[in-house]
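Just so it is clear, the model here is predicted, and its values are computed rather than measured. First listed ligand is number 1; within each ligand, the first listed atom is number 1. Basis for what follows: all heavy atoms, side chains included, without hydrogens, waters or symmetry-related copies.
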Amino acid sequence: MTFKELNIIEPILKAIEEKGYNMPTPIQEKAIPVALAGKDVLGCAQTGTGKTASFAIPIIQLLQNSKEDAKRKGIKALILTPTRELALQISECIDDYAKYTRVRHGVMFGGVKQGSQVNMLQRGIDILVATPGRLLDLMSQGYVHLDQVKYFVLDEADRMLDMGFIHDIKRIVPKLPKEKQTLFFSATMPAAIVSLTKTLLRTPVRIDITPESPTVEAIEQFVYYVEKAEKGHLLISLLQQAKNQSVLVFSRTKHSADRIVRVLTKAGIGSQAIHGNKSQAARQLALGNFKSGKTRVMVATDIAARGIDINELPLVINYDLPDVPETYVHRIGRTGRAGNTGKALTFCSREEVQLVNNIQRLTGKKLREAELSAKTVVRTLVS
Ligand code: AMP
């Protein structure tokens with residue numbers, strides 16, 4: 001299957017080609033025709049599956065093809081997403097996919113001054129990507145009107161729920177026209193989400209994509225059994241071996257992330273931490289530096305890293321093991337994306353062995369035990 005066979009229009013095809021996408025991912029293959037046909041979608045899929053393009057491309061195409069929409073002022077598509085990082089990533093994708101169309105879009109999220117977001121609204125946009133809090137805020141100030149919305153996307157609905165946004169969503173939805181197309185995405189479908197889908201969707205087409213197994217299959221997974229105190233040396237030694245590769249290191253706490261950065265800095269390895277204590281600007285800067293290759297190593301906590309989209313990341317290192325085995329799958333899903341292979345290395349101390357067992361039970365795959373190199377062992381002995 002090609003994008004052309006999905007009946008994507010030429011200006012978008014050209015943009016996709018420039019992005020280097022050769023063929024649609026499974027969710028794109030399933031969701032794009034349904035969305036283009038004007039039907040509601042209930043997508044059970046998570047970040048890393050190509051979900052963003054599966055809703056962004058059809059919306060851009062429907063807007064570009066509609067002469068009536070071209071004349072009409074006002075926001076015609078609303079994409080709600082839980083975090084600023086995700087909002088920015090979606091907006092960047094739309095930047096790329098829509099660059100040869102006349103479709104205009106904008107993004108809004110909290111934690112920054114509202115001035116430029118208000119200006120953007122006043123200039124006029126077709127698609128708005130927003131986090132719920134700031135959207136409600138600007139709605140109540142009279143800057144945002146949703147009465148022209150024809151396409152509504154709710155992204156990462158389960159996270160919205162986890163983050164306590166459900167009431168915000170329930171306040172936003174009544175402001176949307178009754179007659180609209182809704183595309184609803186959630187990685188999991190707990191009861192509260194199922195009941196939300198019932199109020200929001202009209203005879204939706206359900207699309208289930210479970211990336212866990214295929215993603216995990218494409219990733220080489222190793223475990224290093226090391227004592228807690230040895231982890232710093234092991235990390236330095238592995239990063240030195242990995243030379244110029246970009247590496248994402250996961251730590252369980254903000255504290256530990258900062259400590260790892262200090263240890264790496266001492267060893268002359270450039271790294272940055274990304275976690276909830278950092279300001280939005282600092283997180284954006286760290287992410288930008290990492291994406292551009294300016295910083296080779298990024299150390300992240302799970303909360304900060306969830307949903308971060310980094311292309312073709314070759315190596316993920318779990319400095320600490322997560323308490324919940326599903327988090328491990330999320331973490332290593334940063335590598336081996338969209339058909340690429342990747343490597344995931346996990347440091348396991350004596351106290352963490354049970355956590356490795358839980359992961360193996362969940363994924364049905366045994367982590368290969370890596371040999372500690374002589375260099376690392378010697379360093380450990382002398383320290
Ligand atoms: P998402 O699930 O939307 O966060 O997408 C995950 C990653 O896959 C992003 O880096 C996209 O740029 C990339 N991607 C999306 N669709 C394709 C495709 N058809 N071919 C290759 N890469 C893709």
For this session: Answer yes or no: does atom NZ of Lys175 have more than 12 heavy-atom neighbours from other residues, nucleotides or ligands under 6.0 Å?
Result: no
Problem set entry | For ligand 1, the portion of Phe3 having any non-hydrogen atom under 4.0 Å away | side chain
For this session: Answer yes or no: does atom CD of Glu17 have more than 12 heavy-atom neighbours from other residues, nucleotides or ligands under 6.0 Å?
Result: no
Problem set entry | Aromatic ring pairing Phe347/Tyr224, orientation class (parallel under 30°, perpendicular over 60°, tilted between) | perpendicular
Problem set entry | Sidechain N-carboxylate O distance under 4.0 Å for Lys76, Asp69 | no
Problem set entry | Any N/O pair Tyr97/ligand 1 closer than 3.5 Å | no
Exercise. Among Ser54, Gly50, Ala56, which one has a heavy atom closest to atom 5 (O) of ligand 1?
Worked result: Gly50
Seminar exercise, completed: Checking Thr301, Thr327, Asp323 against Arg252 for side-chain hydrogen bond (donor to acceptor under 3.5 Å, both in side chains), the one that qualifies is Asp323
Problem set entry | Proximal atoms of ligand 1 relative to Thr52 (non-hydrogen, under 4.0 Å) | 1 (P), 3 (O), 4 (O)
For this session: Find all atoms of ligand 1 within a distance of less than 4.0 Å from any non-hydrogen atom belonging to Thr25, and give their numbers and elements.
Result: 16 (N), 17 (C), 18 (C), 19 (N)
Exercise. Is any NZ, NE, NH1 or NH2 atom of the basic residue among Glu352 and Lys231 found under 4.0 Å from an Asp or Glu carboxylate oxygen of the other?
Worked result: yes
For this session: Before signing off on this row, confirm whether Lys51 and ligand 1 have an N or O atom pair separated by under 3.5 Å.
Result: yes
Exercise. Do ligand 1 and Ala53 have nitrogen or oxygen atoms that lie under 3.5 Å from each other?
Worked result: no
For this session: Might you confirm whether atom NZ of Lys99 has over 12 heavy atoms from other residues, nucleotides or ligands at distances under 6.0 Å?
Result: yes
Exercise. What atoms of ligand 1 come within less than 4.0 Å of a heavy atom belonging to Met23?
Worked result: 18 (C), 19 (N), 20 (N)
Exercise. Does Thr49 reach ligand 1 with a nitrogen or oxygen that is under 3.5 Å from one of the ligand's nitrogen or oxygen atoms?
Worked result: yes
